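See below for the structure under consideration.
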Amino acid sequence: MVKKISAVALSALLSLPVAAFASGDRVQDLEKQMAEMSRTFNAKMQAMQDQISALKSKKQQAPATKEAAASSPADWTKKVSLSGLVRVRGYDFNNFWDFNSDNNFDQWNAFRVKGSLTAKVQATDDVTAVITVTDQNWGEGLTYTKTEMDNTSNKMFLDNAYINIRNLFSLPVDLTLGRQNVKYGSGFVILDGQSQFASTSIYFDGVKMRWNINDNMMLDGLYLKDQEGTDRGGSGDDITLAGFYFTNKQCPLTGMRQELYALNRNDQTLSKNIWMYGIRLSDKMDNGIDYSLEGAIQRGDANANQDQDAWGCKLDAGYTFKQVS
C-alpha cells in the first residue's frame, strides 16, 4: 500500500513541471496581479502611517490640559500695550510776584511730581484707541485753596482719550477724534490747549483730519476747543480754534521743511474773531547746523469795534556735534 502511494506521489511530482510549463502564461498573470496588490497594500499602509504621525504631532503641539489652554495668552492681549511717564521737577522761587521778602506767598520750595499711565488698543491695522490718565502733585501736603485753578495739587484728570482712524474710506486720509495733544513746529502758535498753568497738560478736545497728499506733503484740517464754555450749559462762551496746516517735509529745490497755515480763533466771551496766517521754514544740514524761522500775522476784530493787527516771529538755531570714531 505504501509503495502504491509513493508511486502515485512520485508520478504527481514528475507531472508538475509539465503542467507548469503547459500553463506558464497563467502563472505570469497571477504573479503580476500579486505584485500589483502588494504595491496597493503598501501604499495604503504608508498613507495610514503618515496620517497617524500627523495626528500625533498635532496632539503634541496643542495644550495638554484645560489649564494649559487657559494659561496661553488671549488674542486681545496682543492688541493692548501699556506705557507710562514719571516727571519730577524741583522749584525754588523767591519774590516772583513782588519784591517783598517778608511776603511768604511767593516763596516756594517744592517738588512737582507728574505721573501718567497710557493704554493703547490696536483694534485693527487702521484703528487705534488711546487713553491716558495723569495725576499731579505739588509736594507733600501742598494744596491750593482755589479749587477752580487748573494747576491744583492732587489733581487726577483724563489727559488723552482719542480714536485714530487711518485710510478712512480706503482714502489717504487719517482722522483723529477726541482729546489729543496737538503741537506743530516748536509750539510757537499751537501747543497749549486747556491748561495755561505750568504745562499741566497740552491737550485739545476736537477733530483733526490729515490728507496725506504724497510721501512728503500733508494737509491737516483742524476743529478744536481751546476752552469749553464755563456756564452750566457747557456752551455760550467757547473758544474755538479751526483752520488748515500744510506741511512739505522736504522741498525738492532747497531740501528744507516748509509749513504754511491759516488759523481762526473765535472767543465768544470777548466777541473776538482772529485770523492768523503764517509760515515756518526749518532744516537740519549735514554740517550739524539746524534752524527754524517762523513768522505770522494776525487780523481780526473784537466787540465789533476793536481791530486786531499784530505780527510775530521766532528764530531757533542749533548745532549737533558729530561723534568722533
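Residue numbers count from 1 along this sequence. Note that the coordinates shown come from a computational prediction; the quantities given were computed from them, not determined experimentally.
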Is V207 linked to L171 within one hydrophobic cluster, defined over Ile, Leu, Val, Met, Phe, Trp and Tyr using a side-chain heavy-atom separation of less than 4.5 Å? yes
CG/N100: more than 12 non-hydrogen atoms of other groups inside 6.0 Å: yes
Does the side chain of D174 come under 3.5 Å of the side chain of N212 through a donor N or O and an acceptor N or O? yes
Shared hydrophobic cluster for Y223 and M209 (ILVMFWY, side-chain gaps under 4.5 Å): no
Indicate yes or no for a side-chain donor-acceptor contact from N167 to the backbone of S170 under 3.5 Å, with no hydrogens or angles considered. no
Please determine whether the number of non-hydrogen atoms from other residues, nucleotides or ligands lying under 6.0 Å from atom CH2 of W211 exceeds 12. no
So, do V88 and F111 sit near enough that their side-chain heavy atoms are less than 4.5 Å apart? yes
Do the side chains of F204 and N181 get nearer than 4.5 Å, heavy atoms only? no
With no hydrogens and no angle check, is any side-chain donor or acceptor of Q180 less than 3.5 Å from a backbone partner on G206? yes
In plain terms, say whether K225 and D205 are close enough for a salt bridge, that is, a side-chain N and a carboxylate O under 4.0 Å apart. no
When rounded to the nearest 0.5 angstrom, what is the spacing between CZ in R112 and CZ in R87? 5.0 Å
Consider only side-chain heavy atoms of I, L, V, M, F, W and Y, link residues closer than 4.5 Å, and tell whether L222 and L168 are in one cluster. no
Looking only at side chains, do D301 and N273 share a donor and an acceptor under 3.5 Å apart? no
Residues in side-chain hydrogen bond (donor to acceptor under 3.5 Å, both in side chains) contact with D92, at least two apart in sequence or another chain: none
Does atom CG of D286 have more than 12 heavy-atom neighbours, drawn from other residues, nucleotides or ligands, at distances under 6.0 Å? no
Linking I/L/V/M/F/W/Y whenever any side-chain heavy atoms sit under 4.5 Å apart, do L85 and V113 land together? no
When every non-hydrogen atom of D283 is compared with those of T254, the smallest separation belongs to OD2-O, 4.5 Å
Report whether L315 and M256 are members of the same hydrophobic cluster (ILVMFWY, side-chain heavy atoms less than 4.5 Å apart, transitive linking). no
May I ask you to test the M48-Q46 pair for a side-chain heavy-atom distance under 4.5 Å? no
With a cut-off of 6.0 Å (strictly less than), are more than 12 heavy atoms of other residues, nucleotides or ligands near CG of D215? no
Can you confirm whether more than 12 heavy atoms, excluding those of K120, are under 6.0 Å from its NZ atom? no
Non-hydrogen side-chain atoms of F246 and M217 separated by less than 4.5 Å: yes
Do any pairs count as a salt bridge (charged side-chain N to carboxylate O under 4.0 Å, His left out) and have a residue in residues 251-270, sequence neighbours left out, and if so which ones? D226-R265, R257-E259, E259-R280
So does R299 pair up with D309, basic N to acidic O under 4.0 Å? yes
Give a yes or no on this: more than 12 heavy atoms of other residues, nucleotides or ligands lie within 6.0 Å of atom CD of Q51. no
Donor-acceptor side-chain pairing of N95 and S101 below 3.5 angstrom: yes
Hey, what do you get for NZ (K249) to CG (N214), rounding to the nearest 0.5 Å? 9.0 Å
Indicate the atoms forming the closest heavy-atom contact of Q250 with G255, along with that distance. CG-O, 3.5 Å
Going from CG on D159 to CD on Q136, what distance comes out if it is rounded to the nearest 0.5 angstrom? 10.5 Å
Atom of A123, atom of K79 and distance for their closest heavy-atom approach: O-NZ, 3.7 Å
Looking only at non-hydrogen atoms, find the nearest pair between D290 and T320 and report the distance. OD2-OG1, 4.1 Å
CD1 (I163) with more than 12 external heavy atoms under 6.0 Å: no
Can you say whether the rings of F157 and Y203 are parallel (under 30°), tilted (30 to 60°) or perpendicular (over 60°)? tilted
Does any non-hydrogen side-chain atom of N164 lie less than 4.5 Å from one of L175? no
Please name all residues satisfying side-chain hydrogen bond (donor to acceptor under 3.5 Å, both in side chains) with Y261, sequence neighbours left out, ordered by chain then number. E294
Any idea how F93 and Y91 line up, ring-wise: parallel (<30°), tilted (30 to 60°), or perpendicular (>60°)? perpendicular
When rounded to the nearest 0.5 angstrom, what distance separates OG in S292 from CG in L281? 9.5 Å
Are the aromatic ring centres of Y319 and F321 under 6.0 angstrom apart? yes
Taking every heavy atom of T132 against every heavy atom of V130, the minimum-distance pair comes out as OG1-CG1, 4.2 Å
So CG of N160 and OG1 of T134: to nearest 0.5 Å the spacing works out to 7.5 Å
Do L219 and R210 make a side-chain contact, defined as non-hydrogen atoms from C-beta onward lying under 4.5 Å apart? no
How long is the gap from CZ on F188 to NZ on K183, to the nearest 0.5 Å? 13.5 Å
